[in-house]
Structures are given as structure tokens and as C-alpha cells.
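Just so we're clear, the structure is a prediction, and the values are computed from it rather than from any experiment. Computation of the quantities below employed the complete heavy-atom set of this structure, encompassing side-chain atoms and omitting hydrogens, waters and symmetry-equivalent molecules. Letters go in sequence order (proteins before strands), and every chain restarts at 1.
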Protein chains: 2
Amino acid sequence: MENQGQGLHARVLDTLGPAITAGEYAAGTVLRTDELAERFDVSRTVIREAVRVLESMRLVTSRRRVGVTVLPAEEWNVYDPQVIRWRLAGADRPRQLRSLTVLRSAIEPVAAGLAARLATPAQCAELTEHALGMVATSRGQQLARYLVHDIAFHRTILRASGNEMFARLGDVVAEVLTGRTEHDLMFTDPDPAAVTLHVRVAEAVRVRDSVRAEALVREITVGAMAELDVLAP
Amino acid sequence: MENQGQGLHARVLDTLGPAITAGEYAAGTVLRTDELAERFDVSRTVIREAVRVLESMRLVTSRRRVGVTVLPAEEWNVYDPQVIRWRLAGADRPRQLRSLTVLRSAIEPVAAGLAARLATPAQCAELTEHALGMVATSRGQQLARYLVHDIAFHRTILRASGNEMFARLGDVVAEVLTGRTEHDLMFTDPDPAAVTLHVRVAEAVRVRDSVRAEALVREITVGAMAELDVLAP
DNA sequence: CAAGCCCATTGATACGACGTATTCAAGACC
DNA sequence: GGTCTTGAATACGTCGTATCAATGGGCTTG
């Protein structure tokens, strides 16, 4: 994982979090703090801090006399970036990717429509720059550099929408795009049609064509979902 | 507030959380655990548990030799239900309501489109039931009962979409609808056009007309946004 | 057999001590 | 004079123990 030396409590979280979100503990399973303290060779204080965080993510509840109870998946705070990362690293990664892609398909077109009305000149320039960067890196095994531009492009759209809820999904989109590149089509050059769409989106935003920007991004997300359907049954 | 007797740590959270999200502490402000322990008249252990939760919400970071630093608003986990509740109860409630309504306008139509393809017969029945309930309570100062049906209707749509990310927004929508009723139009009967739209959505889902369901819900959310523009400048 | 009381269990809180990373500044060296 | 090193102060991090409180199950009793 990534977090290791940030304190003992982080280490406990990085073990329990993925385990719970991976479904290793069935809903209703009770964990006792003493037992956890012994298992991780830390004090109960550390365990309690970790449990409090898991509780705030609604992965568990802590009740007196009962113990720390694992909650069913419907209760989880699935928008918590930490939870998203844990689940993407775990077993039901495919379902998670699918859920997030559907979410993208709902959010990003609307965000693009808003961005076309609200983007600053600097943000328009940024969009164009990254769209052109995608074009430049779209051929000949430069997927890593392509990905950087792709992520930056979508991040800019979301930020330019002027809506903080949209803006905060930038990390999620980055995670989805990264995951797609890493797993599914590492050796395939990106779809040229998608690249072209990005360029046209940048242009639509620049000329403040809200409906066209929205429609174009909708095409992009539809393509992304179709791609997912082909690659992951 | 609501949480009081759930432990001392909850009391600390219910004071610090709203204070931070309300902007009472500028980003960069440092709080010391000893100072907080004295202020709340609890032990440092309790403070540390609360701080850990605030840290997982990205409201603060805790660094050695520095203290507990308040993070800028862009870092906050704005999808955390707790954070949403705190902000809705605080000063920038109007902006928060606007952000969430925009979010709804992106999510719900797509969710309705999916629901039309995936809803179970039971869910279809539920939709119809609540739509009719809205009709029955739409006149004559029955806003409280109307609200119950309205919330249940949108919750069902989100759940029937089959997407867990959508389903988890049910609480947010409930909060928005409740807030709107409580603050803005407590004494005005609901817009009859909106009521009719809900009935038609239920029907569209029942006959599996995906595009019509999506379009109708889009009309509903557009109406909600227009209403917000009129009532809260 | 049922209803209510008692107690063991387990988390919740507190407190004091020590560990440790981090920062800031003083001082030495180039 | 400027830069690097080093050390001390500081505030969070961790730990162990003690005590409190709530809860669920078992026991008692009518």
C-alpha cells in the first residue's frame, strides 16, 4: 500500500479497511478491541482511534457490551476517497469501476455544460493544452503520458464547472482512468475518436457552446461505458 | 443538535465539526490537543479520537510538533454525510443547497433512466404509491406528509437504478428536500406541475420507457433549480 | 412459564508517562 | 557573510492501567 509510516493507527486502518471493504468480514461480524490490539501488537488506544475512523466511514459500528460490528455494504460511505481506493484495490474492483463509470456518465456532461458557461480564459487554455497533449501522445505506446493529459483534462472540466461537489470528483475520475489504463488496455493506443472528442470539447467550452460541450462529453462517457462492457463482462 | 449522549467524543465532534465547516477557523489555524482537552473538559484521548475522525473527513491534518491544522475548504470530503449535515446547518447553507441541487440535476435523471430498465415490480409499485401519495397530500397544508412521499419517491428511484453510488445519495436528496420545505416554502402548497411530473415518471418507469423517465426527471430537477433561483438569490 | 432482577462482559473515558518526529535557532565551518 | 550542522524545545504519538457505564444473558422468583 502507500500509507505505512504515518503512525501505527494508519497501519491498522490500511489493514482493516481493505479487509472489510473486500468483504472478508461478513456483515454482522463482531471484532473486539482487545483481540485487535493483540493481533496488531498495538495498544487499545490505537485500535480505538482506527475504529473511530472506520465508524465515521460507516464500515463498522461500535456498541458497548457488543463489540465492533461490521456493517452491511449498503451502509458504507462509498464516496469516501479512502473507501473508494480500498475497494478499487480489492476484489470487487470490476463492479466498483462500473459504478464509478456510470457516476461519471451522469456528472461529467453536466459539468462540461456548466464549464462552457463559467470557465475562465486560463481554464480554457488549460483544456486546449491538455487536449492537444492527448493528440500528441495518442500514438506509439505513450500511454503513461497520455493518461496524465487525460486526467488533467477531466479534472479541469470538473473544476471549471464551478460546483465544488463536481470538483471533488476529480480524484475519482483520475482513479478510474488510471485503473482502466493499468488493467485493460495497457498495450492498445487510445481510441482516435475519443481523442478527437476531447479536442472538440475544449473548443466548445472556449466558444461557450454549453449544449455542444455537454453532448460531446456525453459521447465520451458513453464510449467509456461501451469500452468497459467490451473489456469486462 | 441531534447527537448528544453517544459518548464524549461525539460531543466534541458536534462542536468542532460545525465550527470548522462554518469557517469559524480560517484555513491554517492550528489547534492544540491539550488546549482542546481543557476547553471541552475531557481527556486528551477523547480529543484525539475526534481529531482522527475530522482528519478522515479531511477537515484537519495532525502533524507532530505543529498541532492540528485546519485545512482549506477545497480539501474537505464534501460527500461525507456528516459534513453535508454540518454545512447545511451552518452559515453557507444557501450555497450548499445550490451545490447539492446541481448535483441532483446531474444524477437523478440518469438514475431514472436506469431505474426504468432495472426496477423490480415491487419498486414500480412503490413509485406509483408514493406518486399518488404526493397527489393526495399536495393541497391544503399537508406539506409534512407530502414531504415523506416526495423523499420516498426519489429514494426509490435512486435505489432502483441499481447503482450503489446513486443509491447512497438518497440521504442527500432527503436532506435537500427537507431543507427546502423547512426554509423556503413552508406555507406554499407544492407546484401542481411538479406533482404531475412525478406521477408520469412512475408510469414511465413502469412501462420501461427509459428515455421518457430520464426526460421527466430532468424536468423535475430543472424546476427545482428554478425554484431555488427564485427563492434564494 | 414468564417477568424482572443481578452480574459478567466489553467498550468508554481518564490519566500519567515516555517516545519521537519536527521545527527553529544557535553556532561552527567554509 | 552565508550555509550547513546540530541540539534543544515542543506537541503529537503510543502505551498501560484503572475505573465507569451500559447491555445482554442468565438466574431467580412469583
Chemist: Which nucleotide wins on minimum distance to the side chain of A:R44, given the candidates D:dG16, D:dG25, C:dT13?
Modeler: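 The nucleotide sitting nearest to the side chain is C:dT13.
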Chemist: So, OP1 or OP2 of D:dG13: does either fall under 4.0 Å of a side-chain N or O from B:R63?
Modeler: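 Looking at the OP1 and OP2 atoms of D:dG13, neither is under 4.0 Å from any side-chain N or O of B:R63.
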Chemist: So which nucleotide from C:dA12, C:dG11, D:dG24 ends up closest to the side chain of A:R52?
Modeler: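 Per side-chain heavy atoms of A:R52, the pick is C:dA12.
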Chemist: Report the nucleotide, chosen from D:dC15, C:dC15, C:dT13, that has the shortest atom-to-atom distance to any side-chain atom of B:T45.
Modeler: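 That would be C:dC15.
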Chemist: Expressed as a whole number of angstroms, how long is the span from A:D34:CG to C:dT9:C1'?
Modeler: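 Result: 10 Å.
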Chemist: If you check the B:R64 side chain, which of C:dT20, C:dT9, C:dA14 turns out closest?
Modeler: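 Taking heavy atoms from C-beta onward, the closest nucleotide is C:dT20.
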Chemist: Looking only at the side chain of B:R48 (C-beta and beyond, no hydrogens), which of the listed nucleotides C:dT10, D:dG13, D:dA9 gets closest?
Modeler: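 Comparing C:dT10, D:dG13, D:dA9 against the side chain of B:R48, the answer is D:dG13.
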Chemist: Between B:H154 and B:H149, is the ring centroid distance below 6.0 Å?
Modeler: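 No, the ring of B:H154 stays outside the 6.0 Å limit from the ring of B:H149, centre to centre.
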Chemist: Given 3.5 Å as the limit, does a donor-acceptor pair link the side chain of A:Q123 with the main chain of A:T120, or not?
Modeler: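 Here the side-chain-to-backbone pair exists.
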Chemist: Specify the separation, in whole Å, of atom CZ of B:R65 and atom C1' of C:dC24.
Modeler: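 Going from CZ in B:R65 over to C1' in C:dC24 covers 7 Å.
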Chemist: Quickly work out the B:L31 CG to D:dT10 C1' distance and round it to whole Å.
Modeler: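 Computing the B:L31:CG to D:dT10:C1' distance gives 17 Å.
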Chemist: Can you tell me how far C1' of D:dC15 sits from CD of A:E49, to the nearest Å?
Modeler: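 Rounded to whole Å, this separation is 11 Å.
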Chemist: Given 3.5 Å as the limit, does a donor-acceptor pair link the side chain of A:R168 with the main chain of B:W76, or not?
Modeler: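 A pair under 3.5 Å: yes.
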Chemist: Does a side-chain N-to-carboxylate-O contact under 4.0 Å join A:R159 and A:E126?
Modeler: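 Judged by the 4.0 Å cut-off on N to carboxylate O distance, A:R159 and A:E126 do form a salt bridge.
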Chemist: Just how far, in rounded Å, is P of C:dA14 from CZ of B:R11?
Modeler: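 Rounded to the whole Å, the gap is 9 Å.
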Chemist: Please report the distance, rounded to the nearest Å, between CG in A:D41 and P in D:dC15.
Modeler: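 Between P of D:dC15 and CG of A:D41: 8 Å.
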Chemist: Of all the choices, D:dT14, D:dC12, D:dG25, which nucleotide is nearest to the side chain of B:T33 once you look at every atom?
Modeler: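 Of the options given, the side chain of B:T33 lies nearest D:dC12.
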Chemist: Please work out if A:V42 contacts a base, only the sugar-phosphate, or nothing of the nucleic acid, heavy-atom cut-off 4.0 Å.
Modeler: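 Sugar-phosphate, no base atom in range.
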Chemist: OP1 or OP2 of D:dG13 less than 4.0 angstrom from a side-chain nitrogen or oxygen of B:S62, does that happen here?
Modeler: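 Checking D:dG13 against B:S62, a side-chain N or O does come within under 4.0 Å of OP1 or OP2.
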Chemist: Which of these nucleotides, C:dT23, D:dT23, C:dA14, is closest to any side-chain atom of B:V46?
Modeler: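 So the nucleotide nearest the side chain must be C:dA14.
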Chemist: Roughly how many Å is it from CG in B:L8 to P in C:dT13, rounded to a whole number?
Modeler: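 Those two atoms, CG and P, are 5 Å apart.
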Chemist: Counting the atoms with a prime plus P, OP1 and OP2 as sugar-phosphate, which does A:I47 contact under 4.0 Å by heavy atoms, base, sugar-phosphate, or nothing?
Modeler: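 Here A:I47 touches no strand at all.
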Chemist: Would you confirm whether A:T181, through its side chain, and A:L177, through its main-chain N or O, come within 3.5 Å as a donor-acceptor pair?
Modeler: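 Flag set: sc A:T181 to bb A:L177 pair under 3.5 Å.
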Chemist: Expressed in angstrom and rounded to an integer, what is the separation of B:L54 atom CG from D:dC12 atom P?
Modeler: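 My rounded result for the distance is 14 Å.
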